[in-house]
Asker: 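There's a structure below that I have some questions on.
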Amino acid sequence: MKSDVRVRFAPSPTGPLHIGGVRTALFNYLFAKKHKGQFVLRIEDTDQNRYVPGAEEYIIEALEWCGIPFDEGPGKGGEFGPYRQSERKSLYRQYADELVSGGHAYYAFDTPEILNSHRKDHESKGKTFIYNAHNRLKLDNSLSLDADALEKRLKEGQSYVIRFKTPESGIISFQDIIRGVIEIKTTTLDDKILFKSDGMPTYHLANVVDDHLMQISHVIRGEEWLPSLALHVQLYWAFGWDVPVFAHLPLIMKPVGKGKLSKRDGEKMGFPVFPLSWEESIGYREAGYYPETVVNFLAMLGWNPGTEQEIFSLNELVQAFDLDRVHHSGARFDPEKTAWFNHHYLQQRSGDELLREYKGMLQSNEVDVSKYTDDYLMRLLNLIKERASFNHELYDLSEFFFHAPTEFESKAVKRGWKEQSPERLQDLIALFESIDFNNASISEAVNSYIKEHDISFGAVMPTMRMLLVGDLKGPGVFEIMELLGKEEVISRMRFALSHFS
């Protein structure tokens with residue numbers, strides 16, 4: 001373990017941040033805080049053609065909402081800035097030139113048309129075109145040109161890219177915390193472009209240079225970057241720099257089938273794949289998930305604490321997190337499990353927090369909350385919240401408290417309205433008018449009536465639930481009645497008598 005732990009999350013601002021990216025940021029954050037290090041945000045925007053306005057702001061807002069803020073980055077500064085690659089582009093040319101002068105890279109003048117012609121020719125022969133040691137001396141580059149021809153081309157300002165010069169043979173061996181020892185034959189690698197003809201570095205060069213200059217000790221990123229690892233390690237060697245410790249995280253997989261989780265999976269199965277909403281796609285925040293939920297379920301995707309514990313606060317995750325316990329294989333996403341986590345965190349909300357959220361839900365459904373005391377609303381909340389996984393469900397579960405049902409679910413009517421129901425309701429109305437209207441007295445009165453008339457609970461309770469709620473759902477009938485109050489309960493009973501007469 002290096003003494004000063006510095007990690008970075010380096011997304012490209014090409015659209016919304018996928019939850020796979022959020023998990024990468026989270027694992028970096030947990031590792032940094034576990035080792036009292038720094039978590040850096042770097043925006044890798046060298047590809048201006050793919051830049052999407054608003055994406056950077058989205059990334060920052062998403063991290064802040066999740067409660068995993070960065071220590072250094074855009075808007076916060078730090079001694080290793082600037083933290084946008086587009087603002088660092090003057091740095092990269094000198095490093096590209098250093099690789100060329102050291103014999104680790106070369107100028108390539110091949111036009112896109114020529115390269116495309118080579119690819120098609122190889123494809124027609126059932127082969128794959130690779131630009132590397134086996135053919136680079138036959139192509140149009142500084143390795144195949146003599147010194148005078150090269151100088152002439154450069155003076156004329158001919159367009160070129162700078163490619164890395166992969167060794168002709170050998171095996172590149174390196175260690176990954178999660179994957180173990182990885183070995184790659186150099187003959188399978190192509191000479192990647194490091195510097196483009198538009199004067200901008202490619203991801204590969206900028207990434208390595210920035211990680212070195214920002215003194216990044218550990219590179220924790222998704223396994224989709226494994227194919228780039230051999231080049232990145234070789235670049236560190238070519239510059240004579242210390243290689244950071246690498247850890248490549250497993251993919252988050254589809255709930256069903258094969259392949260990694262995508263936006264389409266969320267659209268098809270009805271769950272978010274982005275932390276915040278983006279254009280037409282709803283985010284976890286807007287869908288009613290708590291940030292604690294997102295952090296908790298993401299932490300359990302691909303990491304195992306080694307115990308049966310599933311519920312973790314962020315501080316507990318920091319203490320428990322260890323890269324050695326990150327899985328090799330992909331982690332299957334489970335929408336039902338994410339809802340289970342959210343149910344837990346909803347139940348853990350403080351009364352004030354939940355009441356504030358509940359009032360907002362009521363107001364958005366045109367309920368005049370000024371008519372109800374906080375004490376009344378809290379009693380109502382405590383009655384229904386166990387049935388809710390999301391705060392927006394709280395209104396659905398309690399709507400009948402604010403709006404007396406005027407229509408009744410057909411199955412409820414079939415079970416709850418019998419030939420004897422009108423007579424029994426008339427008896428119960430007279431009974432209720434004469435008692436104190438609380439849970440205990442209501443229960444005692446109804447039980448006495450049932451015993452006196454030698455009937456079952458099923459002869460009375462489904463009827464009461466149906467006319468109070470409009471359906472056969474909800475908390476205990478006596479609890480509902482106490483909260484509604486005597487006047488409202490009797491009003492609903494009389495409406496039912498009129499409605500079903």
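What's counted below: heavy atoms across the whole structure, side chains too, no hydrogens, waters or symmetry copies.
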Asker: Is Arg84 salt-bridged to Glu87, going by a charged N under 4.0 Å from an acidic O?
Answerer: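 Answer for the salt bridge query: yes.
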Asker: Please determine whether ring pair (Phe, Tyr, Trp, His ring centres under 6.0 Å) holds for the pair His218 and Phe31, giving the CA-CA distance in whole Å, both sets of side-chain angles, and the decisive distance to 0.1 Å.
Answerer: CA-CA 9 Å; His218 296 72; Phe31 185 81; 4.7 Å; yes
Asker: Would you say the side-chain atoms of Ser313 and Asn315 include a donor-acceptor pair closer than 3.5 Å?
Answerer: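 Asn315 and Ser313 do not have a side-chain donor-acceptor pair below 3.5 Å.
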Asker: Any side-chain heavy-atom pair from Phe312 and Val295 closer than 4.5 angstrom?
Answerer: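 A side-chain contact is absent here, since even the closest heavy-atom pair is not under 4.5 Å.
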Asker: So, are Glu64 and Lys76 salt-bridged, with charged N and O less than 4.0 Å apart?
Answerer: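 Yes, this pair counts.
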Asker: Indicate yes or no: at least one non-hydrogen side-chain atom of Asn365 is less than 4.5 angstrom from one of Phe402.
Answerer: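 Of all side-chain heavy-atom pairs linking Phe402 with Asn365, none is under 4.5 Å.
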Asker: Show the nearest heavy-atom pair for residues Pro275 and Val22, with the distance to one decimal.
Answerer: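 Scanning both residues completely, I find the closest heavy atoms to be CG-CG2, 3.8 Å.
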Asker: When you measure from the side chain of Asp190 to the backbone of Ile130, do you find a donor-acceptor pair of N or O atoms at a distance under 3.5 Å?
Answerer: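 Between the backbone of Ile130 and the side chain of Asp190 there is no qualifying donor-acceptor contact (under 3.5 Å).
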Asker: Would you say Glu366 has more than 12 foreign heavy atoms packed within less than 6.0 Å of its CD?
Answerer: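 Incorrect, the count does not exceed 12.
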Asker: State whether the number of non-hydrogen atoms from other residues, nucleotides or ligands found under 6.0 Å of Glu353 atom CD is greater than 12.
Answerer: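 Count over threshold, so yes.
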Asker: Would Glu44 and Arg8 pass as an ion pair if we require N to O under 4.0 Å?
Answerer: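 Salt bridge: no.
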Asker: What's the separation between atom CG in Leu394 and atom CG in Leu362, rounded to the nearest 0.5 Å?
Answerer: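 It is 8.5 Å, given to the nearest 0.5 Å.
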Asker: Is the NZ atom of Lys192 crowded by more than 12 outside heavy atoms at less than 6.0 Å?
Answerer: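 For Lys192, atom NZ is not crowded (no more than 12 foreign heavy atoms under 6.0 Å).
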Asker: Please verify the inter-ring angle class for Phe390 with Tyr289; under 30° counts as parallel, over 60° as perpendicular, anything in between as tilted.
Answerer: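 Aromatic pair Phe390/Tyr289 classed perpendicular.
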Asker: Over all heavy atoms of both residues, which pair between Ile252 and Ile19 is shortest? Give the atoms and the distance, please.
Answerer: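 Here Ile252 and Ile19 meet closest at CD1-O, 4.3 Å.
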Asker: Test your reading of the model: is there a side-chain donor-acceptor pair from Asn382 to the backbone of Met378, 3.5 Å cut-off?
Answerer: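 Confirmed, Asn382 side chain pairs with Met378 backbone.
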Asker: With a 6.0 Å cut-off on the ring centroids, do Phe321 and Phe27 count as close?
Answerer: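 Yes, the ring centres sit under 6.0 Å apart.
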Asker: For salt bridge (Lys or Arg N to Asp or Glu O under 4.0 Å), just list the numbers for Arg349 and Glu292, CA-CA rounded to whole Å, side-chain angles, deciding distance to a tenth of an Å, and then say yes or no.
Answerer: CA-CA 11 Å; Arg349 302 293 273 182; Glu292 300 94 327; 3.7 Å; yes
Asker: For Phe333 together with Phe271, are the ring centres under 6.0 Å from each other?
Answerer: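 They qualify: ring centres under 6.0 Å apart.
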Asker: Indicate whether the side chain of Asn296 and that of Tyr345 have a donor and an acceptor atom separated by less than 3.5 Å.
Answerer: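 Present: a donor and an acceptor within the cut-off.
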Asker: Does the ring pair (Phe, Tyr, Trp, His ring centres under 6.0 Å) test come out yes or no for Tyr284 and Phe297, once each step is laid out?
Answerer: CA-CA 12 Å; Tyr284 276 90; Phe297 87 71; 5.5 Å; yes
Asker: May I ask you to say whether Asp352 pairs ionically with Arg356, meaning some side-chain N is under 4.0 Å from a carboxylate O?
Answerer: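 Salt bridge flag = no for Arg356 with Asp352.
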Asker: Do the side chain of Thr24 and the main chain of Arg221 share a donor and acceptor less than 3.5 angstrom apart?
Answerer: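 Pair absent, no side-chain N/O of Thr24 close to backbone of Arg221.
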Asker: Pairing donors with acceptors under 3.5 angstrom, does anything connect the side chains of Asn342 and Ser389?
Answerer: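 Judged by distance alone, the side chains do not pair up.
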Asker: Flag the pair Glu123 and Arg119 as a salt bridge only when some basic side-chain nitrogen lies within less than 4.0 angstrom of an acidic carboxylate oxygen.
Answerer: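 Result for this pair is no, no salt bridge flagged.
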Asker: Within the supplied structure, the quantity of interest is the number of heavy atoms (other residues, nucleotides, ligands) at a distance under 6.0 Å from Lys34 NZ; does it exceed 12?
Answerer: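 Yes, NZ of Lys34 has more than 12 neighbouring heavy atoms, counting only those of other groups under 6.0 Å.
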Asker: Would you check, one step at a time, whether the test side chain to side chain contact (heavy atoms under 4.5 Å, CB included) holds for Ile172 with Leu229?
Answerer: CA-CA 10 Å; Ile172 301 167; Leu229 183 55; over 6 Å; no
Asker: Under 6.0 Å between the ring centres of Phe39 and Phe70?
Answerer: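 Judged by ring-centre distance (under 6.0 Å), Phe39 and Phe70 do not meet the cut-off.
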Asker: Looking only at non-hydrogen atoms, find the nearest pair between Pro13 and Glu56 and report the distance.
Answerer: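 Result for this residue pair: CB-N, 4.0 Å.
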Asker: State which residues pass ring pair (Phe, Tyr, Trp, His ring centres under 6.0 Å) with His344; sequence neighbours excluded, sorted by chain then number.
Answerer: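 For His344 there are no ring pair (Phe, Tyr, Trp, His ring centres under 6.0 Å) partners, ignoring immediate neighbours.
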Asker: Indicate yes or no for a side-chain donor-acceptor contact from Asn135 to the backbone of Lys138 under 3.5 Å, with no hydrogens or angles considered.
Answerer: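 It does not hold such a pair.
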Asker: Do any N or O atoms from the side chain of His328 and from the backbone of Ile178 form a donor-acceptor pair under 3.5 angstrom?
Answerer: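 At least one qualifying donor-acceptor pair exists.
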Asker: Would you call Lys165 and Asp191 a salt bridge, taking side-chain N to carboxylate O under 4.0 Å as the test?
Answerer: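 No, no charged N to carboxylate O under 4.0 Å.
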Asker: Whether Lys337 and Glu310 form a salt bridge (side-chain N of Lys/Arg under 4.0 Å from carboxylate O of Asp/Glu) is what I want to check.
Answerer: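 Salt bridge present between Glu310 and Lys337.
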Asker: Does the distance from a Lys or Arg side-chain N to an Asp or Glu carboxylate O, for Arg93 and Asp97, drop under 4.0 Å?
Answerer: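 Yes, charged N to carboxylate O under 4.0 Å.
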Asker: Which atoms form the tightest heavy-atom contact between Thr186 and Thr166, and what is the distance?
Answerer: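 Where Thr186 meets Thr166 most closely, the heavy atoms are O-CG2, 3.8 Å.
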Asker: So, Arg387 and Asp396, do they make that salt bridge, N to O below 4.0 Å?
Answerer: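 Answer for the salt bridge query: no.
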Asker: Please check if the number of heavy atoms outside Arg50 that lie under 6.0 Å from its CZ is greater than 12.
Answerer: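 No, the 6.0 Å shell around CZ holds no more than 12 heavy atoms from other groups.
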Asker: Could you measure the distance from the OG1 atom of Thr188 to the CG atom of Asn132? Nearest 0.5 Å is fine.
Answerer: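 Those atoms lie 8.5 Å apart.
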Asker: Going by an N to O cut-off under 4.0 Å, is there a salt bridge joining Glu224 and Lys260?
Answerer: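 Looking at Glu224 and Lys260, the cut-off is not met.
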Asker: Around atom CD of Glu336, are there more than 12 heavy atoms from other residues, nucleotides or ligands closer than 6.0 Å?
Answerer: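 Count not over threshold, so no.
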Asker: Is the backbone N or O of Glu223 less than 3.5 Å from a side-chain atom of Arg179, with the two atoms forming a donor-acceptor pair by type?
Answerer: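 Between the backbone of Glu223 and the side chain of Arg179 there is no qualifying donor-acceptor contact (under 3.5 Å).
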Asker: Check this for me, if you would: do Asp374 and Lys359 make a salt bridge, where the nitrogen-to-carboxylate-oxygen distance has to be below 4.0 angstrom?
Answerer: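 A salt bridge is present here (some side-chain N lies under 4.0 Å from a carboxylate O).
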Asker: Could you tell me whether Trp241 and Tyr95 have their ring centroids closer than 6.0 angstrom?
Answerer: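 Ring centroids of Trp241 and Tyr95 are less than 6.0 Å from each other.
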Asker: List the atom of Pro272, the atom of Gly283, and the distance in Å for their closest heavy-atom pair.
Answerer: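 The answer is CB-C, 3.8 Å.
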Asker: Taking it one step at a time, do Asp210 and Tyr92 satisfy side chain to side chain donor-acceptor pair (under 3.5 Å)?
Answerer: CA-CA 9 Å; Asp210 286 342; Tyr92 305 118; 2.7 Å; yes
Asker: Could you tell me whether the side chains of Glu98 and Ser101 share a donor-acceptor contact shorter than 3.5 Å?
Answerer: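 No, no side-chain donor-acceptor pair sits under 3.5 Å.
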Asker: Please check: side-chain N/O of Asp45 versus main-chain N/O of Gln85, any donor-acceptor pairing under 3.5 Å?
Answerer: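 Pair found, side chain donor or acceptor close to backbone of Gln85.
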Asker: Just by modelled atom types, is the Val40 backbone N or O under 3.5 Å from a matching donor or acceptor in the Glu72 side chain?
Answerer: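 Absent.
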Asker: Counting the benzene-type ring for Trp, do Tyr236 and His232 have ring centres under 6.0 Å apart?
Answerer: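 No: the rings miss the under 6.0 Å criterion.
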Asker: Using atom types as modelled and distance alone, determine if a side-chain donor or acceptor of Gln309 lies under 3.5 Å from a backbone N or O of Ile311.
Answerer: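 Side chain of Gln309 to backbone of Ile311: a pair is present.
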Asker: Just by distance, with hydrogens left out, do Asp4 and Gln215 show a side-chain donor and acceptor under 3.5 Å apart?
Answerer: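 Checked: Asp4/Gln215 side chains show no N/O donor-acceptor pair below 3.5 Å.
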Asker: Whether the side chain of Asp121 engages the backbone of Ser117 through a donor-acceptor N/O pair (distance < 3.5 Å, no angle test) should be reported.
Answerer: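 No, Asp121 side chain to Ser117 backbone: no donor-acceptor pair under 3.5 Å.
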Asker: May I ask you to test the Pro11-Leu41 pair for a side-chain heavy-atom distance under 4.5 Å?
Answerer: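 They are in contact (side-chain heavy atoms under 4.5 Å apart), so the answer is yes.
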Asker: Are any of the side-chain nitrogens in Asp140 or Arg153 under 4.0 Å away from the carboxylate oxygens of its partner?
Answerer: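 Yes, Asp140 and Arg153 are salt-bridged.
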Asker: Relative to the ring of Phe109, is the ring of Tyr160 parallel (under 30°), tilted (30 to 60°) or perpendicular (over 60°)?
Answerer: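 It falls in the perpendicular class, over 60°.
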Asker: How long is the straight-line distance from CZ of Arg285 back to OH of Tyr290, given to the nearest 0.5 Å?
Answerer: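 Result: 14.5 Å between the selected atoms.
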Asker: Could you check whether any side-chain heavy atom of Asn207 comes within less than 4.5 Å of a side-chain heavy atom of Leu235, counting everything from C-beta outward?
Answerer: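 No - every pair of side-chain heavy atoms lies 4.5 Å or more apart.
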Asker: Check Arg23 against Leu301 and note the closest heavy-atom contact, atom names and distance.
Answerer: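 Result for this residue pair: NH1-O, 2.8 Å.
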Asker: So, Tyr203 and Ser228: side-chain donor and acceptor under 3.5 Å apart, yes or no?
Answerer: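 Tyr203 vs Ser228: no donor-acceptor pair found between side chains.
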